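All remarks here apply to the structure that follows.
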Amino acid sequence: MTNDTLKTEYDDHFDEFFEEVKKNSYYDADKIKKAYDIAYNAHKDQRRRSGEPYIMHPVAVAKILFDIGMDNECIIAALLHDVVEDTDSTLDDIRAEFGDEVALLVDGVTKLTQVSLTTKEEQQAENIRKMFIAMNQDVRVVIIKLADRLHNMRTLQHMPPHKQREKSLETLEIYAPIAHRLGIRAFKEELEDLAVFYLDPVAYKEIESSIALKRAEGEEFLADIKQQLNDKLSPIINNVRITSRVKSVHGIFRKVYIRGKTLGEIYDIYAVRIIVDTMIDCYNALGIVHDMFTPLPGRFKDYISTPKPNMYQSLHTTVLYKGVPFEIQIRTLDMHKTAEFGIAAHWKYKLGKGGKDSLDEKLKWINSVLENENSEDASDIITTIKGDLSIDEVYVFTPKGDVKCLPKGATVIDFAYAIHSAVGNRMTGAKVDGRIVPLDTTLKTGQIVDIITSNQQGKGPSRDWLKIVKTSEARSKIRSWFKKERREENIVEGRAAVEHEFRKNYIRLKEDELKDFLQKIAERQHLNTIDDFFAAIGYGGIQLTRLIPGIKDEYNRNYKEAVKEEVKSTDLEVSANTESNKSSGGVIVEGIDNCLINMGKCCNPLPGEPIIGFITRGHGLTIHRRDCKNVPQDIESASEPERWVMAHWDKDIKVEARSSISVWAINRDGVVLDITTALAGAHVKIHSINARELGDGNCITTMTIAVNGKEHLESIIKMLNKIQGVYLIERTDL
């Protein structure tokens, strides 16, 4: 296929979208076309896993953003969002062509994609924090990222099953809740439905089949309802618009498979929307609806007087007709725009420039999350932020009628700190609907909560509250109080906790050794003294239980008496008169002299990767990658923990290692020759190679090559990615 033919293929994909752009004077068609041309030139030799031209992805992302009405800069940034990360183009190039605003958006999206959200829990927490920082700088960065994830989910069928599940879980836990908090309903519902499709395909098909069986009956039922409503409302209220919808698959899935309900117990499978001109019309329409149909008790929600945190406003009521319960939503046109597009409505309806103060007000919750997350214990962030993003919320009132929105499961303590940190710190009790309740009482929507406080100085919160509260805001404020007000008490609490854990784990040291041991631990936590370490444990800034496995491992290596009798030096083929920890085969083993080293064939560890050693009787030491499937995650709980020893690569010695990679490419004449020529030109030895056709015009080349480390392998992969037709390279010895 010639370059001209390829260009035509790309253009055909872009032109349909570009025609829509040109019809809307809000957009700068020339700049968008220029962005496309730059993206085309940057990605022209790249293909997606499906084999389609890579440029189709940024165009699809731009189209998604265009459909929800995002602005010119956002569309341009979407077209260029992978250019800096995947090609030779730089951020300065983009800034020179399109200005600082587009460069900021592209840079923000690039930073979000630099590290996967599916590694360690701590790394996931760090990436969620990155998302919130990006939202705080410019919320459009995350809107682009959501559109990017939506298109990736739409094309997820081309990924391996384990990747499908991994991405789907991540989507359900992080991306869909963020779309919900930004109010972008279309993103949220499609992301959720696609995630459920891959996580539980059987349940998805069951729900889809159940809806399909009732579709004809449901459409007839809804048409009847809409006609009746129109006949009653139109003579009384001007400009009434009536629509209907069927609940999303994920919405039904949550209620059927998570809450244990039957389809017959779900009252909002069918919903009718009544859209009117004014707020007064909303309440007038509600009265007429309740006069026409029988309302179900306890099923009325007024989100107009108490909007959701994502700006959603509407009246919800569930009524009965012919024995079938269904939901009616009543809102104004402006409320409907916000309900559908959320924060994106600021751009879709051209409010982005003139309504900045309003926009900042609606994004205050992002600042709240950033201010209240506890940076000293990063692994706790993921739990608290996921909780704060929870779609299930309760709305609780102060005695003065102010409403506070809290995640489901929040207690009266969370409510007190949501009012103000001073209220929470001086809290001594609480009344719910006029009755005194325990402090661990879980709140429900509609309750009136009165916090009882004390004027006594210095009383403060209890440490037990940290185990009760649900929100990161309350937890952070409680920890902050203890950190500032109770240092001596924190030290005592922390020392007692350390002594308890050391006794439980049989860690016994002489006084001088203990001080040296604890000082090293404190320094690793970026603390200056042992007292600082005790204090951080005391107020909850450091979770000691998370550190204990590493502490015990260090104790066993450096302080514990000789390991079990069966593991003797004769089990290792040790050379006499060698220095301790001397490098063997490029590997340094802690606590063991020079010994016979074998590389684990199950994972082929490369220099630069974290490693660990396993002592094998009569066969020396086998080195594994730390994340190898044959290495226990918790060494202490393994059957023979004493056989696992710490090891690392000697930086001063270069060793040759083998690594296996698979290269997927478009099946064209000469593609394998190009791959081998590139490797030869880079002086990379090939130990074995196998190429075969995959069908659908694709091929795969699997090779075992010689490398001198992780960085060397990464540079080889980057080089091979530039070959025409290559669209995926994976390391197969992982």
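For the numbers below, each heavy atom of this structure counts, side chains included, while hydrogens, waters and symmetry mates do not. Just so it is clear, the model here is predicted, and its values are computed rather than measured.
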Search all heavy atoms of [X] against all heavy atoms of [Y] and return the closest pair with its distance.
{"X": "Ile144", "Y": "Ala77", "value": "CD1-CB, 3.8 Å"}
{"X": "Leu199", "Y": "Ser168", "value": "CG-CB, 3.7 Å"}
{"X": "Arg48", "Y": "Thr155", "value": "NH1-OG1, 3.2 Å"}
{"X": "Arg731", "Y": "Cys603", "value": "NH2-O, 3.8 Å"}
{"X": "Ile700", "Y": "Ser662", "value": "CD1-CB, 4.0 Å"}
{"X": "Val61", "Y": "Ala78", "value": "CG1-CB, 3.9 Å"}

* **Cation-aromatic face contact Arg149/Tyr175, 6.0 Å, 45 degrees** => yes
Distance in Å, [X] [atom1] paired with [Y] [atom2], rounded so as to fall on 0.5 Å steps:
{"X": "Lys163", "Y": "Arg49", "atom1": "NZ", "atom2": "CZ", "answer": "9.5 Å"}
{"X": "Ile174", "Y": "Lys145", "atom1": "CD1", "atom2": "NZ", "answer": "12.5 Å"}
{"X": "Glu192", "Y": "Glu190", "atom1": "CD", "atom2": "CD", "answer": "11.0 Å"}
{"X": "Ile666", "Y": "Glu52", "atom1": "CD1", "atom2": "CD", "answer": "10.0 Å"}
{"X": "Lys167", "Y": "His162", "atom1": "NZ", "atom2": "NE2", "answer": "10.0 Å"}
{"X": "Leu146", "Y": "His151", "atom1": "CG", "atom2": "NE2", "answer": "15.0 Å"}

Does a salt bridge link [X] with [Y], judged by any charged N lying under 4.0 Å from a carboxylate O?
{"X": "Glu340", "Y": "Arg185", "value": "yes"}
{"X": "Glu16", "Y": "Lys63", "value": "no"}
{"X": "Glu711", "Y": "Lys718", "value": "no"}

Would you find a donor on one side and an acceptor on the other, under 3.5 Å apart, between the side chain of [X] and the backbone of [Y]?
{"X": "Asp107", "Y": "Leu104", "value": "no"}
{"X": "Gln164", "Y": "Leu156", "value": "yes"}
{"X": "Tyr36", "Y": "Leu80", "value": "no"}
{"X": "His180", "Y": "Ala176", "value": "no"}

Please tell me if the side chains of [X] and [Y] come closer than 4.5 Å, counting only heavy atoms from C-beta onward.
{"X": "Trp649", "Y": "Leu606", "answer": "no"}
{"X": "Met703", "Y": "Thr676", "answer": "no"}
{"X": "Phe98", "Y": "Ile38", "answer": "yes"}
{"X": "Thr701", "Y": "Asn690", "answer": "no"}
{"X": "Arg625", "Y": "Pro610", "answer": "no"}
{"X": "Leu679", "Y": "Ile686", "answer": "yes"}
{"X": "Val106", "Y": "His81", "answer": "no"}
{"X": "Lys722", "Y": "Asp45", "answer": "no"}

* Asked: Asp67 and Leu65: side chain to side chain contact (heavy atoms under 4.5 Å, CB included), yes or no, with the steps?
  -> CA-CA 5 Å; Asp67 288 341; Leu65 294 168; over 6 Å; no
* Test Val587 against Leu621 for side chain to side chain contact (heavy atoms under 4.5 Å, CB included), laying out the working first. => CA-CA 11 Å; Val587 172; Leu621 197 73; 5.8 Å; no
* Assess whether side chain to side chain contact (heavy atoms under 4.5 Å, CB included) is satisfied between Asp138 and Leu105, documenting all intermediate values. => CA-CA 8 Å; Asp138 193 321; Leu105 296 177; 3.7 Å; yes
* To do: List the steps and the verdict of side chain to side chain contact (heavy atoms under 4.5 Å, CB included) for Glu730 and Trp664.
  => CA-CA 9 Å; Glu730 286 186 348; Trp664 279 266; 3.7 Å; yes
* **For Phe614, ring pair (Phe, Tyr, Trp, His ring centres under 6.0 Å) partners two or more places apart** =>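 Here the qualifying residues are Trp644.
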* **Atom CD of Glu693 with >12 non-hydrogen neighbours under 6.0 angstrom** =>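 Check fails, neighbour count at 12 or below.
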* Quick one: sort the Tyr204 and Phe197 rings into parallel, tilted or perpendicular, breaks at 30° and 60°. =>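 Because their plane-to-plane angle is over 60°, the rings of Tyr204 and Phe197 count as perpendicular.
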* **Of all pairs that satisfy salt bridge (charged side-chain N to carboxylate O under 4.0 Å, His left out), the ones with a partner from residues 658-669, not counting sequence neighbours** =>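 Qualifying pairs, neighbours excluded: Arg668-Asp674.
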* **Phe17 ring center within less than 6.0 Å of Phe66 ring center** =>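 Ring centres of Phe17 and Phe66 closer than 6.0 Å.
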* Excluding sequence neighbours, so at least two apart, what forms side-chain hydrogen bond (donor to acceptor under 3.5 Å, both in side chains) with Thr704? ->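 Testing Thr704 for side-chain hydrogen bond (donor to acceptor under 3.5 Å, both in side chains), a comparison that skips the adjacent residues, returns Ser660, Ser688.
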* Asked: For Ile661, which of Thr702, Leu713, Val707 qualifies under side-chain contact (heavy atoms from CB on, under 4.5 Å)?
  -> Leu713
